[in-house]
Structure formats: structure tokens, C-alpha cells
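These notes concern the structure reproduced below.
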Amino acid sequence: MVLAIIAQRGFSQMSGSGKIAVPRRPLPAGLRAPVTRFEDLAKQAGLTGLNVSGSDVQQTYIVENTGTGVAVFDYDNDGLPDLFFVNGDRFDRKGPVPPHFLYRNLGGLRFEDVTAKAGITNDDWGQGVCTGDVDNDGNVDLFVTSWGSNALWRNQGNGAFRNETKDRGLAAPKRWSTGCAFFDYDRDGHLDLLVAHYLKFDPAKIAKPGDRGQCVWLGFPVVCGPMGLPPETMSLYHNDAHGRFVEVTESAGLGASKAAGLSVLTGDFDNDGWPDVFVAADSTPSLYFRNLHNGTFKEGGAPLGVAYNDDGHEQSGMGASAADYDHDGWLDIVKTNFTGDIPNLYRNVGKVGFAEVTVMAGLAVHTQFVGWGCGFLDFDNDGWKDIVIANGHVYPEIDGRGVGQTFKQRRLLYWNRRDGQFFDNSNEAGAGITTPHSSRGLAVADLDNDGDVEIVVVNMHESPSLLKNFGEHGNSLLVRLLTASGRDAIGARLTLRSAGGTQIDEVRSGGNYISQSDFRVHFGLGAAPQADLAVIWPDGSKDSYPELAAGQMVTIQQTRGIVRNIKLKTGPRPAP
């Protein structure tokens with residue numbers, strides 16, 4: 001039997017963090033937020049697959065409330081980003097395991113369910129997803145994490161996938177895996193893989209809601225955990241240059257670090273040219289693995305300021321995203337948390353680490369939501385990264401309890417004021433933001449190649465949401481980077497200079513909340529008609545591309561330069 005489970009996620013964070021909401025700050029005189037109207041077009045787009053994650057009435061175990069993720073990736077190389085939704089399971093299931101969903105992008109925000117045609121099946125309780133070309137053949141492969149056995153689906157290049165988990169060295173004992181990310185941590189030209197694991201979880205050894213007075217939240221019985229359940233370690237797999245993997249967790253210095261890890265976020269956070277890793281953790285300190293350039297990492301979340309909140313408390317970290325929101329040349333981190341707390345905005349202050357600036361930046365507006373998927377995005381194309389957060393409670397049975405919270409919750413949208421602060425634009429952002437759902441995974445991409453980003457969200461026990469903004473937009477540029485072998489250049493650093501200032505970003509796998517956004521990097525340009533782009537490739541080499549015109553998608557391949565230009569379908573945006 002595991003340790004006695006006396007507290008669970010919600011109670012511990014509400015009593016431990018002591019955070020209170022700060023009223024929304026008005027905009028300074030002369031500053032106006034953009035007209036924003038997000039509408040949910042998922043049904044019209046054909047995204048109708050139902051999410052299954054345990055019971056939608058009364059849950060018994062914690063695996064039912066973590067939900068699942070979504071990935072954006074162009075599996076057929078037609079220039080249109082496709083969508084993959086992970087599905088979970090039910091303890092009282094009768095019949096086959098609920099399927100995952102692979103949707104092929106047909107253009108114009110229309111999608112076709114090609115899951116069966118692609119040969120992808122679901123054999124376990126799915127959780128998260130990340131993608132990457134593991135064998136440098138130019139086709140993006142798919143990795144799915146589970147409570148059970150993870151799966152590597154290798155892209156055959158003909159629209160079909162094959163499960164090559166065992167053949168590629170990724171078969172492992174069953175455990176609870178969550179977030180993941182492909183990245184080339186040793187810069188040898190081949191993608192490696194980091195997988196986060198959550199808790200040591202065995203339903204046969206865990207108390208049920210309300211047993212012996214345990215597992216109670218606000219006076220009613222709820223599932224037990226995560227507190228009281230042993231946290232897990234991470235797993236790092238090294239690519240042998242042939243698309244096969246060898247686990248190097250211990251030798252790379254990750255084996256001693258335990259956490260209830262959920263989201264894996266990679267990035268060159270210290271600007272030394274090598275990818276580091278941040279792991280958002282639930283009810284345990286979050287982790288930060290600094291790349292030492294010799295095949296090893298050093299964990300330093302606490303001294304670098306990202307393990308706890310500014311009061312020194314552990315939090316229920318869920319999702320995480322990275323961007324240079326203040327244009328100072330360093331990647332910052334936003335992290336979501338459980339109800340009774342606020343999100344974290346960790347501002348990167350250089351080699352010394354991060355400073356939590358959540359209150360100062362205007363993000364401490366709400367404590368009533370359970371935050372999951374999050375993302376930095378430039379929804380109005382003004383050249384400054386904004387923030388979106390998907391919310392949803394963990395207990396379906398909370399409805400009707402009179403506790404002031406509901407299972408379905410609205411989303412949050414924060415507009416970047418360009419002065420280091422954000423403005424809560426949620427109430428004025430349209431039905432796509434204000435309509436409540438219990439959401440989990442989230443990804444961002446320009447799905448219709450019109451220069452504006454859409455938001456895709458996993459909704460518990462519902463079909464997903466596809467949010468399009470019919471509000472104001474500036475100019476934009478969309479960039480896809482490929483290595484010399486033809487795979488997406490995960491880890492490449494982009495610096496864009498225009499009349500509106502200097503922006504940086506990276507090509508990234510994983511992140512958000514057990515999900516993944518588009519490999520193509522989207523830059524808002526405001527009114528600027530062009531921009532100069534500099535690229536640092538994953539191997540450290542550099543290239544520059546001056547005077548790129550706005551309103552186009554540019555594909556750049558290392559050693560070859562610009563290999564494709566496509567004019568984005570910009571113009572008036574009709575009502576949905």
C-alpha cells in the first residue's frame with residue numbers, strides 16, 4: 001500500500017500558496033486593445049471525434065482527470081498542418097479502446113479523419129504526444145505517451161504509420177508517461193527524446209474517494225493524488241544516428257531527479273547554443289535541466305528560480321510555454337497551475353536565471369480556474385507574444401455542489417501591452433474564449449495559411465475546439481526551417497528584425513500541456529512590410545536572409561537557402 005493519502009492537489013494548493021487574485025488593471029490612456037473575436041469552428045471543420053478520459057460523472061482514480069494532448073504536424077508534407085488528438089480510456093469500458101484521431105488538413109479549415117487509413121491504433125490509456133523525424137528521412141514521426149506502454153509510430157511516407165516502438169529501442173516497462181519532446185541535446189544531427197513520467201500509480205493499491213476520511217476536497221469525496229503518491233523520474237533516450245534509441249537517463253545526469261512531471265519544454269534558455277529542458281511538475285518542485293555540452297545535464301530549478309513560486313511553495317504545475325515576451329533576447333516561461341493559485345510568469349534575467357513577475361505583469365487576475373494547456377502566441381500580429389490558457393476542473397462531480405466552481409471553465413486570453421505587462425482580454429475575446437469547457441491539451445498553428453494563428457484545444461468528454469480570430473490583425477511572416485537532411489530543424493533559433501523591433505523564437509517539439517504546436521514559426525510584424533531573418537541552426541552554424549516580405553510562408557533549408565515561397569491567403573475575414 002502506498003503512503004497514506006491525506007491531501008490531494010486541490011486542497012494543498014489552496015491552503016499552501018496563499019495567492020489571491022488582483023483586479024484587472026485598466027489600460028493606460030491612449031492604449032487600446034485590439035478588437036478580438038475568437039469563434040469555435042471545430043464542427044464545421046470536421047473535428048468531431050469524442051474525447052474519452054474516464055468517467056464524465058464520478059471519477060475514481062487520478063488518471064481519469066489529467067486528460068490528453070494534441071499535436072500539430074504536417075505528416076504528408078503538403079504544406080498544410082495536420083492534427084493528431086490523443087485519446088484515453090474508461091475503467092468501466094465495454095468494447096474496444098477509444099481511438100486516437102488523425103485529421104488530414106484539406107485546406108480552408110476543413111479536415112478529414114484518416115486514422116484508420118493511416119493504421120494508427122490506441123492500445124493503452126493515452127496521455128501526451130510529440131513529433132519529430134527520428135531517422136532523417138523527411139517524414140515526421142509520432143510518439144504517443146500513455147499510462148501503460150508508449151508508442152512510436154514511424155511515418156512511412158505514403159500516408160501510413162507503423163508501430164516501431166520495440167524496433168526503435170523505445171519499448172519499456174509500463175508506467176505513467178505524460179509530456180515528451182524530441183530535441184538534439186548533443187547536436188549530432190539526430191533527434192533524441194525526453195519523456196516525463198508522472199506518478200507511481202496502481203489502482204489496486206490506492207484508496208478510493210472518501211475512503212477512511214481521506215481524499216476529500218471542500219467537503220466531498222474526490223480521487224486521491226497526486227500528493228501521497230510517489231513521484232517519478234524522467235527518461236532520456238539518445239538517437240544512435242540510425243533512428244534507434246538507447247536510454248541514457250542515468251549517464252546523462254537525469255536519474256536522480258524525481259517529480260510528478262507533466263509538460264516537457266525545451267529551449268536554449270541561457271543563450272549558449274545548446275538546448276535545455278524545463279519540466280512543469282504537479283505538487284512537486286518543477287525541474288530545470290541545464291545542458292552541459294558534454295552529453296550531460298545538471299538540474300538547477302531551485303537556484304535558477306523556476307522550481308517554486310515567489311513564496312517558495314511547490315505548485316501544481318500543468319502546462320508550460322516559452323517565448324521572449326518582452327523583446328530582451330531571452331526566452332521566458334509561462335506555467336499554469338491548479339485552482340486557488342495563479343499562473344507563473346518566469347522572466348529570464350540572463351545567466352543568473354529567472355524572476356517570477358506574475359503579479360507585476362498583470363497575470364494574477366484569476367485564482368478560480370484550473371489551468372492546463374497554455375501557449376505564447378501573437379493573435380493580433382503586432383509583433384508581441386500574447387498568452388492563451390485553457391482551463392477546466394478535475395472533478396466532474398463538482399457541479400451542483402455550491403462551491404463556486406464548475407467542471408467546465410472558460411479560457412483566458414492575455415494581450416501583451418508591449419511594456420512588460422499583459423491585459424486580460426478574455427471577456428472581450430469572443431465566444432471561443434468565453435464558452436466554458438473542461439479543457440486540457442492546447443496547440444497553436446496557422447492552420448489555413450492565412451497569416452493568423454488558430455488555437456486547437458482538447459475538451460474532456462467532448463469533441464475538440466478550433467478557435468479562429470475574426471478580429472484585427474497586422475502583417476505576418478511564417479517560417480519553416482529544414483536541416484540539410486530535410487527534417488524540421490528542431491532547436492534552431494530565429495531572430496527577426498523589423499521596424500517593430502527584434503523578436504526571437506525557436507523550432508520546438510512538445511511543450512504547452514502534453515501537446516505540441518506547429519514546427520513553423522509565426523512572427524507578427526504589425527505594419528512592417530518586411531523583416532530581416534537570422535538563423536542559428538541546431539549545429540551552431542548561422543545564416544541570414546534580409547528583406548523577407550510580409551504575407552508569405554518561407555521554407556528555408558540548411559545549405560540550400562530559401563527553397564519555397566508561398567503567398568499567405570491574407571485579406572478580409574468573413575464572419576464564421
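- Judged by distance alone, the side chain of D270 and the main-chain N or O of K351 form no donor-acceptor pair under 3.5 Å.
- Between the side chains of D133 and N139, no donor-acceptor pair of N or O atoms lies under 3.5 Å.
- A 6.0 Å sphere centred on NZ of K542 holds no more than 12 heavy atoms belonging to other residues, nucleotides or ligands.
- In this model, no donor atom of one side chain and acceptor atom of the other lie less than 3.5 Å apart for D276 and T266.
- Between S53 and E64, the side chains place no donor N or O within less than 3.5 Å of an acceptor N or O (distance only, hydrogens not considered).
- Classification of R347 and D326 as a salt-bridged pair holds, one side-chain N sitting under 4.0 Å from a carboxylate O.
- Rounding to the nearest 0.5 angstrom, the gap separating the CG atom in D505 from the CG atom in L496 is 10.0 Å.
- Heavy-atom minimum distance, Y346 versus G305: CE2-O, 3.3 Å.
- Contact detail for F269 and N348: the closest heavy-atom pair is O-ND2, 2.7 Å.
- Here the closest non-hydrogen pair linking D386 and D378 is OD2-CA, 3.5 Å.
- Using modelled atom types, no side-chain atom of Q516 and backbone atom of V70 make a donor-acceptor pair closer than 3.5 Å.
- Here OG of S263 is found 7.0 Å from CD1 of I514. Values are rounded to the nearest 0.5 Å.
- Contact annotation: the side chain of I389 approaches that of C374 to within less than 4.5 Å [non-hydrogen atoms, C-beta and beyond].
- Shown are R154, R487, H242, R244; of these, the side chain to side chain donor-acceptor pair (under 3.5 Å) with D135 is made only by R154.
- No close placement of the F84 and Y75 rings is indicated, their centers lying 6.0 Å or farther apart.
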Applying side-chain hydrogen bond (donor to acceptor under 3.5 Å, both in side chains), run through Q503 and T495 and close with a yes or a no. CA-CA 6 Å; Q503 305 176 54; T495 301; over 6 Å; no
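- Between the side chains of N344 and T358, not a single donor N or O lies within less than 3.5 Å of an accepting N or O.
- The structure places CZ of F201 at 15.5 Å from CZ of R175, a figure rounded to the nearest 0.5 Å.
- Proximity of I206 to L229: side-chain heavy atoms (C-beta onward) are separated by under 4.5 Å at one or more points.
- When atom types are taken as modelled, the side chain of D113 and the backbone of Y103 share no donor-acceptor pair closer than 3.5 angstrom.
- The number of heavy atoms from other shown groups lying within 6.0 Å of CZ (R93) is above 12.
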Apply salt bridge (Lys or Arg N to Asp or Glu O under 4.0 Å) to the pair R480 and D488, showing each step before the final yes or no. CA-CA 7 Å; R480 185 182 186 190; D488 290 279; 2.9 Å; yes
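- One finds a salt bridge joining E232 and K200 here, because a Lys/Arg side-chain nitrogen approaches an Asp/Glu carboxylate oxygen to under 4.0 Å.
- The only option from W176, F91, W125, W147 that meets the ring-ring contact (aromatic ring centres under 6.0 Å, His included) definition with Y61 turns out to be F91.
- L442 has its side chain out of reach of V456: every pair of non-hydrogen atoms, C-beta onward, lies at least 4.5 Å apart.
- A donor-acceptor contact shorter than 3.5 Å is absent between the side chain of S316 and the backbone of F338.
- Between F73 and F519, the distance separating the two ring centers is not shorter than 6.0 angstrom.
- Salt bridge D446/R520: absent, no basic N to carboxylate O contact under 4.0 Å.
- Checking T284 against E314 by side-chain atom types alone, no donor-acceptor pair falls below 3.5 Å.
- A side chain to side chain donor-acceptor pair (under 3.5 Å) with Q315 holds for exactly one of T336, D282, D341; it is D341.
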Could you go through T178 and Q127, starting from their C-alpha distance and side-chain angles, then the distance that decides it, and tell me whether this counts as side-chain hydrogen bond (donor to acceptor under 3.5 Å, both in side chains)? CA-CA 6 Å; T178 48; Q127 290 285 271; over 6 Å; no
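- Between the side chain of N239 and the main chain of D192, no donor-acceptor pair closer than 3.5 Å is present.
- A cation-pi geometry, defined here as NZ or CZ lying under 6.0 Å from the six-membered ring centre and within 45° of its normal, does not hold between R162 and W153.
- In the model, R508 has no side-chain atom that pairs as donor or acceptor with a side-chain atom of S321 under 3.5 Å.
- Taken from CH2 in W372 to OG1 in T66, the straight-line distance is 6.5 Å, to the nearest 0.5 Å.
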Mind running side chain to side chain contact (heavy atoms under 4.5 Å, CB included) on H313 and Y308 for me, showing each step along the way? CA-CA 5 Å; H313 290 289; Y308 309 94; 5.8 Å; no
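- Checked by atom type and distance alone, the side chain of R104 never pairs as donor or acceptor with a backbone atom of D82 at under 3.5 Å.
- For the atom pair T502 OG1 and D328 CG, the distance stands at 11.5 Å (nearest 0.5 Å).
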Apply side chain to side chain contact (heavy atoms under 4.5 Å, CB included) to residues Y185 and F289 and explain how you reach the verdict. CA-CA 11 Å; Y185 75 86; F289 295 104; over 6 Å; no
Stepwise, does the side chain to side chain contact (heavy atoms under 4.5 Å, CB included) test hold for L331 with I504? CA-CA 8 Å; L331 289 174; I504 66 167; 4.1 Å; yes
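- Of all heavy-atom pairs spanning S235 and H197, the tightest one is OG-NE2, 2.7 Å.
- Under the 3.5 Å distance criterion, with hydrogens and angles disregarded, a donor-acceptor pair is assigned to the side chains of H238 and D186.
- The two atoms that bring L481 and A492 nearest to each other are CD1-CB, 3.7 Å, heavy atoms only.
- Side chains of S517 and N512: a donor-acceptor N/O pair is present below 3.5 angstrom, by distance only.
- Formation of a donor-acceptor pair under 3.5 Å by the R493 side chain with backbone atoms of W537 is not found in this model.
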Under the side chain to side chain contact (heavy atoms under 4.5 Å, CB included) rule, what do C130 and L193 come out as? Steps first, then yes or no, please. CA-CA 9 Å; C130 56; L193 174 65; 4.0 Å; yes
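- One side chain, H100 or N122, offers a donor N or O that lies under 3.5 Å from an acceptor on the other.
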Side-chain donor-acceptor contacts of residues 554-561 below 3.5 Å, not counting sequence neighbours, with atom names and distances?
| unit_1 | atom_1 | unit_2 | atom_2 | d |
| --- | --- | --- | --- | --- |
| Q557 | OE1 | R560 | NH1 | 3.0 |
| Q557 | NE2 | T483 | O | 3.2 |
| Q557 | NE2 | A484 | O | 3.0 |
| Q558 | NE2 | D539 | OD1 | 3.3 |
| Q558 | NE2 | D539 | OD2 | 3.1 |
| Q558 | NE2 | S541 | OG | 2.9 |

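- Note: H293 and W274 meet the aromatic proximity criterion, with ring centroids under 6.0 Å apart.
- Within the 3.5 Å criterion, the main-chain N or O of G126 finds no donor-acceptor partner in the side chain of D124.
- Counting only distance, with no hydrogens or angles, the side chain of N155 and the backbone of V140 share a donor-acceptor pair below 3.5 Å.
- For E454 against L447, the heavy-atom pair with the smallest separation is OE1-N, 2.8 Å.
- Rounding to the nearest 0.5 Å gives a distance of 10.0 Å between CG of N163 and CG of L170.
- Here the side chain of T115 pairs a donor or acceptor atom with the backbone of L102 at under 3.5 angstrom.
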